[in-house]
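Data first, discussion second: the structure below is written as structure tokens.
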Amino acid sequence: MASYADFHRRSIDAPEAFWAEQADLIDWHKPPEQILDACQPPFARWFVGGQTNLCHNAVDRHLAARADQAALIAVSTETGSERVWSFAQLHAQVQAAAASLMALGVGRGDRVLIYMPMIGEAIIAMLACARIGAIHCVVFGGFASGALASRIEDAQPKVVVSADAGSRGGKVIAYQPLLDEAIRLSAHKPSAVLWVERGLAPLVCQARRDHRWAELMVRHADARVPCVWLEATDTSYIIYTSGTTGRPKGVQRDVGGYAVALAASMKHIFDGRAGETYFSTSDIGWVVGHSYIVYGPLIAGMATIAYEGLPTQGMDGQPDGAIWWQLVHKYRVTVMFSAPTAVRVLKKQDAALLRKHDLSSLRALFLAGEPLDEPTARWIGEGLGVPVIDNYWQTESGWPILTLARGVDAAQAPRLGSPGVPMYGYQVKIVHESTGEELAAPNEKGVVVIEGPTPPGFMQTVWGDDERFVNTYWKSIPGKLVYSTFDWGIRDADGYYYILGRTDDVINVAGHRLGTREIEECVAGHANVAEVAVVGVADALKGQVAVAFVVPRSGLAASDEQAARLLEGEIMAAVAGQLGALARPARVHVVTALPKTRSGKLLRRAIQAVCEQRDPGDLSTLDDPASLQQIRARVGR
Ligand code: ATP
Ligand code: MG
């Protein structure tokens with residue numbers, strides 16, 4: 001087998017030949033006439049003239065070989081329920097849902113907003129949209145009305161699919177008041193709302209507008225709804241970015257390129273095989289959920305587990321720090337996908353829990369979403385005894401940009417602290433943020449950019465706003481039309497990349513630029529630190545200084561000032577010793593929680609704003625407002 005470097009080089013030198021081969025991994029109703037149309041950069045149109053359908057590739061295509069095999073496994077430790085749909089059952093349910101949506105007037109190109117918890121119906125609704133060519137727009141369940149209203153206004157859905165409630169850690173969140181308020185706030189009014197009743201919260205249906213999922217599904221139980229053959233370049237869905245750096249962007253994705261990209265990634269990156277089980281602990285509200293709970297595994301003919309609940313709670317609602325591993329054992333999971341933030345939650349518990357169940361089926365654990373610090377990577381890797389593969393990507397990319405392609409070259413070794421190397425199709429470079437000059441020498445810090453044409457699966461544009469797409473992503477590096485990831489990184493002499501933080505978060509101490517990641521990594525190395533955030537705070541003398549906020553691992557009450565001081569001193573000394581005095585935080589504050597987005601990403605900009613007494617900006621994605629209050633109290637603002 002050719003080396004991965006050759007594989008990658010071919011994808012860049014001969015993209016059309018390369019991707020024409022990958023296109024054979026999916027079913028086409030009509031094969032593409034042109035593999036790539038890049039005549040209007042930075043827009044890249046893949047598989048022009050081809051016709052296909054995501055739902056066909058995820059469901060119908062597998063009926064011949066695996067109709068009775070499990071396709072969707074929905075587990076909720078919130079309600080203690082476990083439901084399994086075979087491919088044949090999923091096929092029937094998706095058709096009934098498609099017929100229900102059609103009965104509400106939904107057709108090709110119409111938007112359907114899905115505001116739902118992690119239940120099987122949410123995934124069935126997504127597939128039903130894909131089947132009839134409606135564009136789904138999944139909004140993370142439980143988002144507050146304001147955030148939901150702005151997405152309703154932006155996506156202009158004809159229909160909203162929702163549920164009576166979600167639940168988290170036993171706390172029920174009724175969706176109807178939130179959705180009703182969002183619709184009231186929005187200038188756009190959907191014509192219908194379809195409600196799944198879980199029996200968790202009361203539901204009051206408005207005549208004409210509101211419909212019950214169960215009723216429509218019964219009415220259309222035997223519906224035969226063929227897949228609508230879509231152009232490869234049609235839009236499949238809209239998804240909003242996490243909003244870590246500001247107002248979320250509506251990412252618009254295509255049909256054919258996405259299907260091919262996912263099929264290729266299942267083979268080359270995740271090495272997941274038909275008939276096996278894939279378990280991603282993410283949520284369908286995020287891109288990881290779209291690509292690797294719903295479409296990726298199903299396109300590959302795998303069963304997929306959708307999980308509702310905390311990582312530390314059992315089917316009976318009681319604490320169980322080994323629930324995920326119990327599911328791995330029960331369903332013989334071969335590939336698992338999670339996030340560093342979830343692993344850090346597990347890390348607060350006994351490592352022995354990782355070995356409580358038989359994990360012999362598991363081949364690898366993939367983690368993405370945030371920098372994977374070395375202590376966390378080591379802890380989980382040693383605990384599980386399987387390779388832990390970091391992968392770096394964005395909502396915009398739809399699939400990994402940097403990782404290891406284990407399906408191409410299994411011998412490629414992960415390197416602690418690095419998500420890996422550029423994936424096939426991605427021409428990744430490090431450039432100087434103000435001159436745009438390429439930094440080709442190893443270990444030079446700069447902005448991570450992607451040279452066009454971007455590969456299949458990559459965002460088509462910002463929904464309804466080509467200008468914002470071009471101006472936001474492609475015009476930030478002077479003199480060059482390159483896609484900026486807005487992440488700061490380096491590449492080592494062997495071609496492995498390291499992400500040092502977001503360009504917005506770079507700390508400039510007396511003219512030296514430091515990535516927040518570099519300092520956080522060092523702080524996280526302290527045995528008593530579970531989580532850390534480092535931000536740059538304006539300083540009259542040095543321009544900026546680093547300030548750290550840490551959540552201790554155990555045995556330290558946030559109110560114990562003496563112990564906190566001791567920890568602060570140790571952390572300051574460790575950073576000064578490893579990175580130099582410039583990087584040493586001016587203060588280390590002990591807190592019990594850090595402000596994060598709903599997707600679990602550190603909201604450094606909000607922390608920084610509080611430290612600098614500024615307005616923290618759009619907080620619609622902030623998960624736990626108390627965490628920011630605590631920081632206010634700590635810094636005396
Ligand atoms: P917004 O774009 O709205 O500010 P966001 O960037 O957090 O929000 P996402 O698309 O969910 O939205 O996250 C992508 C970002 O997450 C990347 O640009 C990077 O900063 C970070 N990230 C993802 N995976 C990794 C990883 N493996 N290592 C380091 N950082 C990562
Ligand atoms: Mg982003």
Side-chain angles (χ1 to χ4, degrees), residues 138 140 147 150-151 154 239-251 253 269 282-292 337-344 365-374 376-377 388-404 414-423 426 428 447-450 458-459 462-463 468-469 472-473 476 483-490 496-506 515-518 520-521 524 533 595-606 617-623:
V138 182
F140 182 72
S150 65
R151 287 160 177 77
D154 191 50
I239 183 171
Y240 293 87
T241 60
S242 294
T244 312
T245 56
R247 184 163 66 93
K249 298 159 282 253
V251 165
R253 188 106 51 220
I269 299 175
S282 183
D283 188 285
I284 50 157
W286 316 123
V287 69
V288 175
H290 283 61
S291 295
Y292 299 114
F337 195 129
S338 192
T341 178
V343 175
R344 284 192 279 264
L365 170 67
F366 292 84
L367 297 174
E370 277 219 294
L372 175 62
D373 58 280
E374 295 190 20
T376 300
V388 171
I389 316 285
D390 189 4
N391 56 123
Y392 161 87
W393 47 300
Q394 305 183 309
T395 309
E396 292 86 344
S397 70
W399 59 284
I401 299 170
L402 300 171
T403 187
L404 300 176
R415 234 171 240 198
L416 278 179
S418 164
V421 300
M423 283 301 96
Y426 285 106
V428 183
V447 182
V448 180
V449 302
I450 300 167
F458 207 86
M459 73 188 291
V462 169
W463 169 251
R468 188 173 177 209
F469 173 62
T472 305
Y473 295 107
S476 77
Y483 172 90
S484 176
T485 62
F486 297 105
D487 287 309
W488 182 249
I490 57 170
Y496 282 73
Y497 282 69
Y498 296 78
I499 302 296
L500 303 179
R502 294 166 186 270
T503 52
D504 282 10
D505 293 337
V506 165
T516 45
R517 162 85 188 269
E518 299 170 79
E520 284 170 4
E521 183 86 30
K596 289 183 189 157
T597 62
R598 303 264 177 153
S599 56
K601 289 164 189 285
L602 279 176
L603 269 169
R604 292 189 196 80
R605 69 174 160 92
D618 184 324
L619 289 181
S620 59
T621 63
L622 174 64
D623 190 21

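Remember, predicted model here, so these are calculated numbers, not experimental data. Just so you know, ligand 1 is whichever comes first in the structure, and atom 1 is the first atom listed for that ligand.
Distance from atom 11 (O) of ligand 1 to its nearest protein heavy atom, with residue and atom name: Ser242 OG, 2.7 Å. For atom 9 (P) of ligand 1, the closest heavy atom belonging to the protein is Thr395 OG1, 3.4 Å. Among all protein heavy atoms, the one lying closest to atom 2 (O) of ligand 1 is Lys249 NZ, 3.2 Å. For atom 19 (C) of ligand 1, the closest non-hydrogen atom of the protein is Asp487 OD2, 3.2 Å. Closest protein heavy atom to atom 26 (C) of ligand 1: Glu370 O, 3.4 Å. Among protein heavy atoms, the minimum distance from atom 4 (O) of ligand 1 is reached at Thr245 OG1, 2.4 Å. Among all non-hydrogen protein atoms, the one lying nearest atom 5 (P) of ligand 1 is Thr244 OG1, 3.4 Å.
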Notebook entry, point to check: What's the verdict on side-chain hydrogen bond (donor to acceptor under 3.5 Å, both in side chains) for Ser242 and Ser599, showing C-alpha distance, side-chain angles and the deciding distance?
Noted result: CA-CA 7 Å; Ser242 294; Ser599 56; 3.0 Å; yes

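Between Lys596 and Asp623, none of the side-chain N atoms (NZ, or NE/NH1/NH2) sits under 4.0 Å from a carboxylate O, so this pair counts as no salt bridge.
The ligand atoms of ligand 1 that sit less than 4.0 angstrom from a heavy atom of Thr241 are 1 (P), 2 (O), 3 (O). Atoms of ligand 1 lying under 4.0 Å from any heavy atom of Asn391, numbered from 1 in the order shown and given with element: 24 (N), 26 (C), 27 (N). Near Gly369, meaning under 4.0 Å from one of its heavy atoms, ligand 1 places the atoms 16 (O), 21 (C), 22 (N), 23 (C), 24 (N), 25 (C), 31 (C). Interface atoms of ligand 1 facing Trp393, defined by a heavy-atom separation under 4.0 Å, are 14 (C), 17 (C), 23 (C), 24 (N).
Ring geometry for Tyr426 versus Trp399: interplanar angle of 30 to 60°, hence tilted.
When Lys601, Arg502, Arg517 are checked for heavy-atom proximity to atom 13 (O) of ligand 1, Lys601 turns out nearest.
For the pair Leu372 and ligand 1, no heavy-atom separation below 4.0 Å is found. Ligand 1 lies out of reach of Ser599, whose nearest heavy atom is not under 4.0 Å from it.
Remark: Trp488 CH2 to Glu518 CD distance equals 9.0 Å, nearest 0.5 Å.
Checking Val388, Val343, Leu416 one by one against Leu372, the side chain to side chain contact (heavy atoms under 4.5 Å, CB included) holds for a single residue, Val388. Applying side chain to side chain contact (heavy atoms under 4.5 Å, CB included) to Arg502 and the options Thr516, Thr485, Asp487 leaves one that passes, Asp487.
Taking the ring centre of Phe140 as origin, the terminal cationic atom of Arg598 falls outside the region bounded by 6.0 Å and 45° from the ring axis.
No donor-acceptor pair closer than 3.5 Å links the side chain of Thr341 to the backbone N or O of Glu370.
For Phe458 and Tyr483, the gap between ring centers is short of 6.0 Å.
Ligand 1 has no N or O atom lying under 3.5 Å from any N or O atom of Ala368, backbone or side chain.
Between Arg468 and Lys249 the shortest heavy-atom distance is NH2-CG, 3.3 Å.
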